[in-house]
There are 2 protein chains.
Amino acid sequence: MSAAEQPEGGVRRQSRQRSAVLTLLDELDGFRSAQDLHALLRDRGDSVGLATVYRALQALVDDGQLDVLRSPDGEAAYRRCSPSHHHHLVCRTCGRTVEVADPPVERWAARIAAEHGFVDVQHDVEVFGTCAACAAAHG
Amino acid sequence: MSAAEQPEGGVRRQSRQRSAVLTLLDELDGFRSAQDLHALLRDRGDSVGLATVYRALQALVDDGQLDVLRSPDGEAAYRRCSPSHHHHLVCRTCGRTVEVADPPVERWAARIAAEHGFVDVQHDVEVFGTCAACAAAHG
DNA sequence: GGTGCGCATGAGAATCATTCTCGCATGGTC
DNA sequence: GACCATGCGAGAATGATTCTCATGCGCACC
């Protein structure tokens, strides 16, 4: 833990557990917590250790194959998504997620940062709401 | 935990510890974690329990006097700020923060949500970067 | 097809932030 | 000045995530 940050790791080995995690995420369309995913895997018979789920998720995040979201109570939620830059519109009732890619926000963030002399800018945008289906069911 | 969510609390009592937390936050201009704040209070001689710091912070957040930010490693960070709606531009090196209030993003979020049939919309935007001072010091 | 190396796995312990418990102190009110 | 609810503090409890370490197994090579 002093210097080398393994530039491109070694081989990323294929394993039953990792494909199980990825497969499960492919079938779900909302953000799920690591604990949730672990429970779901157990349910469907794919016995996987909790630590392994965390490791698999981190590896996938590193690869850019997953997006992470931190719920207000501190739990991390993961979701399979396209590798290009985008943001999320999340239903706070059913968890359904829509990927949103919109140049205006990107430009806005860049402009705001530039105005204040900030460089090397990243941004983080999430929009929460109630989707049409849930709003209808609720009313 | 069944029904009553004390609508407007009772009396919010004044105490040495609460003012100490608020005073400290007034003097700092970046986001600080609860643990940090607790340590700082101890350092300056204001002996305050950790639980009390958390309670005070939550009360202040409820009052809208503080903003909360969740760092990627799951720690919550707090900062004194204006009560009106705004977002933050945060220096990832020194933690310096600039409040940004800009109508375009608000409109963007509302539009995106509307396009997908979402209602009752909230959004969460943070912009991270390196401020001019830190960029200069670093290069 | 067989062998070996090294990363991956898994169970449980460890860690860390946060919340809860409970008895005591004290602010604010009458 | 007394009373009662709310705040305090120390430490235990909780819950998510990470670490440890012995064993398992994917994959490259023969």
Side-chain angles (χ1 to χ4, degrees), chain A residues 1-2 4-24 31-63 65-66 68-79, chain B residues 1-2 4-24 31-63 65-66 68-79:
Chain A
M1 312 202 186
S2 47
E5 169 106 10
Q6 226 171 329
E8 258 312 305
V11 197
R12 181 138 292 167
R13 206 174 278 180
Q14 184 78 350
S15 79
R16 175 180 65 79
Q17 293 85 344
R18 294 205 179 171
S19 1
V21 169
L22 205 49
T23 302
L24 177 57
F31 279 89
R32 300 295 184 128
S33 72
Q35 309 268 351
D36 259 9
L37 293 169
H38 178 236
L40 287 169
L41 285 171
R42 283 289 167 102
D43 283 352
R44 61 158 58 186
D46 285 315
S47 172
V48 178
L50 181 55
T52 301
V53 173
Y54 277 103
R55 276 186 292 235
L57 289 172
Q58 281 179 339
L60 289 167
V61 169
D62 284 352
D63 271 13
Q65 297 187 56
L66 293 187
V68 198
L69 196 59
R70 235 163 236 285
S71 65
D73 56 306
E75 214 177 349
Y78 301 83
R79 178 174 187 273
Chain B
M1 323 233 183
S2 48
E5 169 108 13
Q6 223 172 331
E8 259 312 304
V11 197
R12 181 140 292 168
R13 207 173 276 181
Q14 185 78 349
S15 80
R16 175 180 65 79
Q17 293 85 341
R18 294 203 179 173
S19 1
V21 169
L22 206 47
T23 302
L24 177 56
F31 280 90
R32 299 294 184 131
S33 73
Q35 309 270 351
D36 260 8
L37 293 169
H38 177 236
L40 288 169
L41 285 171
R42 285 287 168 103
D43 282 352
R44 60 158 58 185
D46 285 315
S47 174
V48 178
L50 180 56
T52 302
V53 173
Y54 277 102
R55 274 185 293 235
L57 290 171
Q58 281 179 339
L60 290 167
V61 169
D62 285 351
D63 271 11
Q65 297 188 56
L66 293 186
V68 199
L69 195 60
R70 236 162 235 285
S71 64
D73 57 306
E75 216 176 347
Y78 301 83
R79 177 174 188 273

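Below, chains carry the letters A, B, ... as their sequence lines are ordered, and counting in each starts from 1. Since the structure is predicted, the reported quantities are computational estimates derived from the model, not experimental observations.
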| Listed by chain and number, what are the side chain to side chain contact (heavy atoms under 4.5 Å, CB included) partners of B:Asp62, not counting sequence neighbours? | none

| field | Whole-Å gap separating P (C:dA8) and CG (A:Asp62) | value | 12 Å

| said: Which residues pass the side chain to side chain contact (heavy atoms under 4.5 Å, CB included) test with B:Arg42, not counting sequence neighbours? | reply: B:His38, B:Ser47

| remark: To the nearest 0.5 Å, atom CG of A:Leu40 lies from atom CZ of A:Arg32 at 6.0 Å

| said: I'd like to check the salt bridge (Lys or Arg N to Asp or Glu O under 4.0 Å) partners of A:Arg70; sequence neighbours left out, ordered by chain and number. | reply: none

| Atom OH of B:Tyr78 and atom P of C:dA17: how far apart are they, to the nearest Å? | 13 Å

What nitrogen or oxygen pairs link the protein and nucleotides 26-29 of chain D at under 3.5 Å?
from   : atom 1 : to      : atom 2 : distance (Å)
D:dG26 : O3'    : A:Gln14 : O      : 3.3
D:dG26 : N2     : A:Arg13 : NH2    : 3.3
D:dC27 : OP1    : A:Gln14 : N      : 3.1

| remark: Residues passing the side-chain hydrogen bond (donor to acceptor under 3.5 Å, both in side chains) test with B:Arg44, sequence neighbours excluded, are B:Glu27

| request: Calculate the interatomic distance between A:Asp73 atom CG and C:dT18 atom C1'; express it in whole Å. | output: 11 Å

| said: In this structure, how many angstroms lie between the P atom of D:dT18 and the CG atom of A:Leu50, rounded? | reply: 10 Å

| message | Judged by each residue's nearest nucleotide on DNA chain C, which is more toward the 5′ side, B:Arg55 or A:Gln17? | response | A:Gln17

| task | Could you list by number each residue of residues 41-49 of chain A showing a heavy-atom separation from DNA chain D of less than 4.0 Å, or answer none if no residue does? | result | none

| field | By salt bridge (Lys or Arg N to Asp or Glu O under 4.0 Å) - contacts of A:Arg79 (at least two apart) | value | A:Glu99

| request: Give the rounded distance in Å between these two atoms: CZ of A:Arg18 and P of D:dC25. | output: 15 Å

| said: With a 4.0 Å limit, can you tell me whether A:Gln58 has a side-chain N or O closer than that to the phosphate oxygens OP1/OP2 of D:dT17? | reply: no

| message | Just so I know, are the side chains of B:Arg55 and B:Gln17 near enough to count as touching, which here means a heavy-atom distance under 4.5 Å? | response | no

| request: Starting at atom OH of B:Tyr54, determine the distance to atom P of C:dC16, rounded to an integer number of angstrom. | output: 13 Å

| Could you give the CG-to-P distance, from A:Leu57 to C:dT9, as a whole number of Å? | 11 Å

| said: What's the angle between the local helix axes at either end of the helix from C:dG1-D:dC30 to C:dC30-D:dG1, using five pairs per end and rounding to 10 degrees? | reply: 40°

| Contacts of type side-chain hydrogen bond (donor to acceptor under 3.5 Å, both in side chains), residue B:Ser71, not counting sequence neighbours | B:Asp73

| field | Value in whole Å for how far the P atom of C:dT19 lies from CD of A:Glu75 | value | 14 Å

| task | Return the set of residues passing side-chain hydrogen bond (donor to acceptor under 3.5 Å, both in side chains) with A:Gln58 (not counting sequence neighbours), or none when no residue passes. | result | none

| Residues that B:Tyr78 engages under ring pair (Phe, Tyr, Trp, His ring centres under 6.0 Å), provided they are two or more places apart | none

| task | For A:Asp46, check salt bridge (Lys or Arg N to Asp or Glu O under 4.0 Å) against everything at least two apart and list the hits. | result | none

